[in-house]
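Below is one structure, written out as structure tokens; comments come after it.
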There are 2 protein chains.
Amino acid sequence: MARSTIGIKDVAVAAGVSATTVSHVLNDVSYARISPETRRKVKAAARQLGYGPNRVAQALRNRRTGVLGLVSEDVATTPHAGRIIQGADDAARARGYTLMLINTAASASPASREGDVDAVLERQVDGILYATMYHRVLETPANLGKVPAVLVDAVTADGSFPSVVPDEYGGARAAVAALLEAGHSRIGFINNVEDVPSTSERLRGFRETLTAAGLDGGQAPVEASSSDAAGGYEAASRILRRTDAPSGLFCYNDQMAMGAYRAAAELGLAIPADLSVVGFDDQELVAGSLFPGLTTVALPHYAMGAWAADRLIDILEGDPDAGGEEPGTTVLECPLVVRASVAAPRNP
Amino acid sequence: MARSTIGIKDVAVAAGVSATTVSHVLNDVSYARISPETRRKVKAAARQLGYGPNRVAQALRNRRTGVLGLVSEDVATTPHAGRIIQGADDAARARGYTLMLINTAASASPASREGDVDAVLERQVDGILYATMYHRVLETPANLGKVPAVLVDAVTADGSFPSVVPDEYGGARAAVAALLEAGHSRIGFINNVEDVPSTSERLRGFRETLTAAGLDGGQAPVEASSSDAAGGYEAASRILRRTDAPSGLFCYNDQMAMGAYRAAAELGLAIPADLSVVGFDDQELVAGSLFPGLTTVALPHYAMGAWAADRLIDILEGDPDAGGEEPGTTVLECPLVVRASVAAPRNP
DNA sequence: TTGAAAGCGCTAACAT
DNA sequence: ATGTTAGCGCTTTCAA
């Protein structure tokens, strides 16, 4: 019951009071002194007529729409977008906000990005969530600053917006720790070749975790290739043929791990008996479908979406303990998801 | 430039005309007689001030928001949602509409579904797109009829809403045809066990295509299991051990095909030399990452989203050649995506 | 060729 | 304890 043509006036007439009174009771206005009896009548009339507020009219009057613009890259191409959206939607809805969605292309020109932002700005969104599909440094459209904004899975070079990104470094540490705990000491890493934060941070986590465990992180075997299954196959084939071939393999992502599974099979290596493998991303469709199930590190897309929406609303509502508007980047944990691809090594 | 506090009045003052005139020229009102000179001045002033219309105010006045509510199930759990969203967003944007998103759970109670619909109804959306994540028969919330609505990837038992679904039957035909054309005559199917339209329609397409090719579709080998990789492995293991084991295998979806790859490997069968495989869904992450790449049938989620948005807008704008409001279900093609898992059989 | 005025549904001063 | 009035930014009669 909402869209009908029933307005506050109809309720007022039905309850025999003025529109003001209806507004007061329906919104629980604090300073309003209205008799319990009248309150009852108004509520009864509203329910009986199936009244629902017209949020557009409220928005015009209050100069707040209760809508958050979510401009997101390439919603169609990765499953990550869905999780960000769901996290943001859940958090927003819990606080009475709704999302307005605009899809933008990662390859879009600056002008078209501004157009995307303008589209939600015209709709008077209270704030904007700007999400990218993989963790990176972003040039934000010039008009993004017109309302409060929070970046999801991205940062700007100058840190001018609050943002939330995954703890790539910590995730890598968790992955390597899992291998270490299983008893591996010969641990390798197949990395992505692209120059993005995750590439360098996961490598750093890999090396530092080994070093902290008393191994030689600096010398541990690392091979890099494209971050897909073919690249994983290729890099894994190389690393597994080295004289210092590892018994435990950390892979840049689940796709590469999938390629590593094939390389291992070709070399007659059983997983996890002969080779333990840990991935990154936790793409359910891949990690859960491989055999044996891939132990991997989850990217916290849902949590990032939820965090960002909450943070944005804190800013909008001027919540003091939200730490004011100070930007800064928040880093969210990447938890290990244990399946079946890690076991003790044959010969530690 | 949009959100600023610049309104039509500011433009009017700057151009030395009235607000009415500004509205007339900016909206190209047909009946307005305004001198070219004034038009120029108004436009110049608007641009110069960076004026952008306040769509909320326009909406209140015009009683049309230009917003479409997209109520979608389980946005986070499948990559399909992203494609529907992107298709709908592209189509909507091309016609000046914006999407407002509400995520709903496939498991949600009728009451909470009504709440989801109400949330967008309160925001005065002009129409609603109601999307499910797999093709099925749906019980729509009672309040869905309050504004025009179109179903995506679902139908109602009574066909009361226009809807768009994938051509499961045609997709299955295309898959089997690919196997037939490669020269296979011993063709099997591993199917899902759930009772959903895709299960029965793909089976029907499988049998009828074989029969139409002069083979005995009724007797062709079929095994069923859960629609995941484990189920695919299990069903494929069974079918490949039958005395009438196929040389060409059609799989209910890509996940099951992934399981079939493993079953084939265990039996020493090379793909596609010893066994040709065709999947369904075209989950890029899976189909493109398997080795060899999986030839599969694509589910037209993008096209369904786009079609639905277009259809909804046709209805909203009363487009006559849209065939009026008559409901009916539109079926969209599922095209074959050729990769590398089909070849001629060793012994046809 | 242009402008004044009314009103979309709602809220908030400011009366009473 | 409740009602009157004005106005959010815009579009549209209607009048000039």
Side-chain angles (χ1 to χ4, degrees), chain A residues 1-43 45-46 49-67 121-126, chain B residues 1-43 45-46 49-67 121-126:
Chain A
M1 304 290 153
R3 205 334 149 68
S4 16
T5 186
I6 296 146
I8 208 181
K9 281 184 179 165
D10 304 285
V11 177
V13 170
V17 298
S18 75
T20 306
T21 301
V22 174
S23 175
H24 282 352
V25 349
L26 260 24
N27 294 317
D28 268 323
V29 173
S30 59
Y31 55 80
R33 327 270 69 220
I34 295 176
S35 74
E37 173 54 11
T38 308
R39 291 194 123 83
R40 227 210 66 261
K41 275 196 313 204
V42 169
K43 285 181 182 159
L49 293 175
Y51 169 79
N54 179 330
R55 304 274 241 131
V56 170
Q58 288 183 322
L60 182 60
R61 173 68 227 221
N62 298 335
R63 346 227 27 252
R64 312 194 88 246
T65 52
V67 175
L121 250 17
E122 281 189 353
R123 257 79 159 70
Q124 311 298 119
V125 296
D126 293 337
Chain B
M1 305 290 152
R3 204 337 148 68
S4 14
T5 186
I6 296 149
I8 208 180
K9 280 184 178 164
D10 304 285
V11 177
V13 170
V17 298
S18 75
T20 306
T21 302
V22 174
S23 175
H24 282 351
V25 350
L26 262 24
N27 295 318
D28 268 322
V29 174
S30 58
Y31 55 80
R33 330 267 68 222
I34 295 176
S35 74
E37 173 56 11
T38 307
R39 291 195 122 83
R40 227 210 66 263
K41 278 196 311 205
V42 169
K43 285 181 182 161
L49 292 175
Y51 168 80
N54 179 329
R55 304 275 241 129
V56 170
Q58 288 183 321
L60 182 59
R61 174 68 226 219
N62 299 333
R63 344 235 19 261
R64 312 195 89 244
T65 52
V67 175
L121 250 15
E122 280 188 354
R123 257 84 161 64
Q124 312 297 121
V125 296
D126 293 337

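Throughout, a chain's letter reflects where its sequence line sits, starting with A, and its residues are numbered from 1.
- Using a 4.0 Å cutoff on non-hydrogen atoms, the parts of residues 10-30 of chain B near DNA chain C are B/Val17, B/Ser18, B/Thr20, B/Thr21, ordered by number.
- Of the candidates C/dC8, C/dA12, C/dC10, C/dC8 carries the atom nearest the B/Leu60 side chain, counting heavy atoms from C-beta on.
- Looking at B/Arg39 and B/Asp28, their side chains come closer than 4.5 Å, going by heavy atoms from C-beta outward.
- For C/dG9, neither phosphate oxygen OP1 nor OP2 lies less than 4.0 angstrom from any side-chain nitrogen or oxygen of A/Gln58.
- For the atom pair CZ of B/Arg55 and CZ of B/Arg64, the computed distance is 11.5 Å after rounding to the nearest 0.5 Å.
- Rounded to whole Å, the distance from OH on A/Tyr31 to P on C/dT11 is 10 Å.
- When all heavy atoms of B/Val17 and B/Val22 are compared, the pair lying nearest together is CG2-CG2, 3.8 Å.
- Which of D/dT11, D/dT13, D/dT2 sits closest to the side chain of B/Ile8 comes down to D/dT11.
- A/Arg55 has its CZ atom 14 Å from the C1' atom of C/dG9, to the nearest Å.
- Put simply, NZ on A/Lys41 and OG1 on A/Thr21 are 10.0 Å apart, with the number rounded to the nearest 0.5 Å.
- With B/His24 as the fixed residue, the side chain to side chain contact (heavy atoms under 4.5 Å, CB included) test singles out one of B/Val42, B/Thr38, B/Ile34: B/Ile34.
- Between C/dC10 and A/Tyr51, a contact under 4.0 Å exists linking OP1 or OP2 to a side-chain N or O.
- Atom C1' of nucleotide D/dA15 and atom CZ of B/Arg33 are separated by 17 Å, given to the nearest angstrom.
- Put simply, the side chain of A/Tyr51 reaches to within 4.5 Å of the side chain of A/Leu26, judged on heavy atoms.
- Atom CG in B/Asn54 sits roughly 18 Å away from atom P in D/dG7 (whole-Å rounding).
- For the side chain to side chain contact (heavy atoms under 4.5 Å, CB included) test, residues two or more places apart in sequence or in another chain that qualify with A/Ser23 are A/Ile8, A/Asn27.
- Taking the side chain as every heavy atom from C-beta outward, B/Val67 and B/Arg123 never approach each other to under 4.5 Å.
- Side-chain contact check for A/Asn54 versus B/Gln124: some heavy-atom pair is nearer than 4.5 Å.
- Between B/Gln124 atom CD and C/dC10 atom C1' the separation is 12 Å, expressed in whole Å.
- Atom CZ of B/Arg64 and atom C1' of C/dG9 are 18 Å apart (whole Å).
- Fit an axis to the five pairs at each end of the helix from C/dT1-D/dA16 to C/dT16-D/dA1 and the two axes sit 50° apart, to the nearest 10 degrees.
- Judged by closest nucleotide on DNA chain C, B/Ser35 is the one of A/Asn62 and B/Ser35 placed further toward the 5' end.
- An OP1 or OP2 oxygen of D/dT2 is reached within less than 4.0 angstrom by a side-chain nitrogen or oxygen of A/Thr38.
- No hydrogens or angles were tested; on distance alone, a donor-acceptor pair under 3.5 Å links the side chain of A/Arg61 to the base of C/dT11.
- Closest non-hydrogen pair, B/Ala45 versus B/Ala15, comes out as CB-CB, 4.0 Å.
- For the pair B/Lys9 NZ and C/dG3 P, the computed distance is 15 Å after rounding to whole Å.
- Between A/Arg63 atom CZ and D/dG7 atom P the separation is 13 Å, expressed in whole Å.
- In this structure, B/Ile34 reaches the sugar-phosphate backbone alone: every heavy-atom distance under 4.0 Å involves primed, P, OP1 or OP2 atoms, never a base.
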